[in-house]
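Notes follow the structure.
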Amino acid sequence: MEKIGIIMNGVTGRMGTNQHLERSIVSLRGDGGVRLRDGSRMQVDPVLVGRNEEKLRGLAKKYSIERWSTRLEECLADRANQIYFDAQATNLRCESVAKAIAAGKHVYCEKPLTPTVAESLELTAAAKKAGVKCGIVQDKLFLPGLLKLKQVIESGALGRILAVTGDFGYWVFEGYEQPAQRPSWNYRKEDGGGIILDMFPHWQYVLENLLGKVKSVSCLATTHIPERVDETGKKYKATADDAVYATFELENGVLVQLNSSWCTRVNRDDLLILQVDGTNASASAGLRECKVQDRFHTPRAVWNPDAADSKDYRAAWRPVNAETNY
């Protein structure tokens, strides 16, 4: 079976290990490789790259991967490696991706591509000049909930779309009574952290693929938690935004209000909920499920602060394609 070498830089981090190595590459290897259009398969052959030799050796042993290295340049010089993948911290990505493009490798990387527009445009120009393919993570488009939402929108069942409201986030522990679920660099601006850099790349492609091109953005960012504890138990100053409250205007006139926060406790069906309101119906989608309430099943709401409301508003929502395997 033909193999394709993939340099995986930054796999010792949380996302690199869990999402990209274990759930993607290791899973693909277990399935016998990637199925090609002609029905044949090509096996993926990863080489794990990073700065921590001990962690790399441990991951290689755990997932039965033969190749690992702390020397990126040597891996880029190997012609067997045709693809470069990057899941490093944001502020480290630009230099490494530039080296990969210069070496003639196709590139796939985590978002954001770089911390600045200027650097991103430079890499884009370099990739075009080198004739290599260059892609950035757009994983949210393939979540079952958003696939169902896309189906509902494209069916026209919602009628004319009016507006979208969304909430994303959860409580990230500061590190005192229990360790944080996210790495400390995420909360230091100088290290490329911040929820805008982390989540707005997702909102860009989600909105533009589901609803329309973004015309304008207005947002208020803040740092609610000024001090956190890092992986070694040491206190540090949080310099990056940990919550942002935003509105988006789309070219087709649809208005979007979307909050993103690592300082909120979940009181909704999922970590992300998008509700799309239209003249004929509304749809509410999370990561895996999507529900619709049409005009004929919309309960008549009457505001009366002097009496308890006996209506079960959630009961009027119906699941979308509950039997379909996404």
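Position 1 is the first residue of the sequence, and the numbers go up from there. Atom set for the values below is all heavy atoms of this structure, side chains included, hydrogens, waters and symmetry mates excluded.
The distance from the CH2 atom of Trp185 to the CD atom of Gln88 is 10.0 Å, given to the nearest 0.5 Å. With rounding to the nearest 0.5 Å, the separation of SG in Cys219 from CD1 in Ile195 is 11.0 Å. Note that the CD atom of Glu2 and the OG atom of Ser40 stand 8.0 Å from one another [nearest 0.5 Å]. Here the straight-line distance linking atom CD of Glu174 with atom OH of Tyr187 works out to 10.0 Å at 0.5 Å rounding. Here the CG-CE distance, from Leu21 to Met15, works out to 12.5 Å after rounding to the nearest 0.5 Å. Rounded to the nearest 0.5 Å, atoms CD (Glu53) and OG1 (Thr12) are 12.5 Å apart.
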* To do: Evaluate the criterion salt bridge (charged side-chain N to carboxylate O under 4.0 Å, His left out) for residue pair Asp86 and Lys111; output intermediate values, then yes/no.
  => CA-CA 9 Å; Asp86 194 300; Lys111 48 74 213 162; over 6 Å; no
* To do: Begin from the C-alpha positions of Lys235 and Asp230 and carry the test salt bridge (charged side-chain N to carboxylate O under 4.0 Å, His left out) through to its verdict.
  => CA-CA 6 Å; Lys235 293 181 181 179; Asp230 67 15; over 6 Å; no
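No side-chain heavy atom of Thr247 sits under 4.5 Å from any side-chain heavy atom of Val256.
Cation-pi contact between Arg228 and Tyr236: absent, since separation from the ring centre below 6.0 Å together with deviation from the ring axis within 45° is not met.
Under the 30°/60° scheme for interplanar angles, the aromatic rings of Phe85 and His20 are found to be tilted.
Checked options Lys148, Arg318, Arg268; the residue passing with Glu289 is Lys148 (criterion: salt bridge (Lys or Arg N to Asp or Glu O under 4.0 Å)).
Counting non-hydrogen atoms of neighbouring residues, nucleotides and ligands closer than 6.0 angstrom, the NZ atom of Lys140 exceeds 12 such neighbours.
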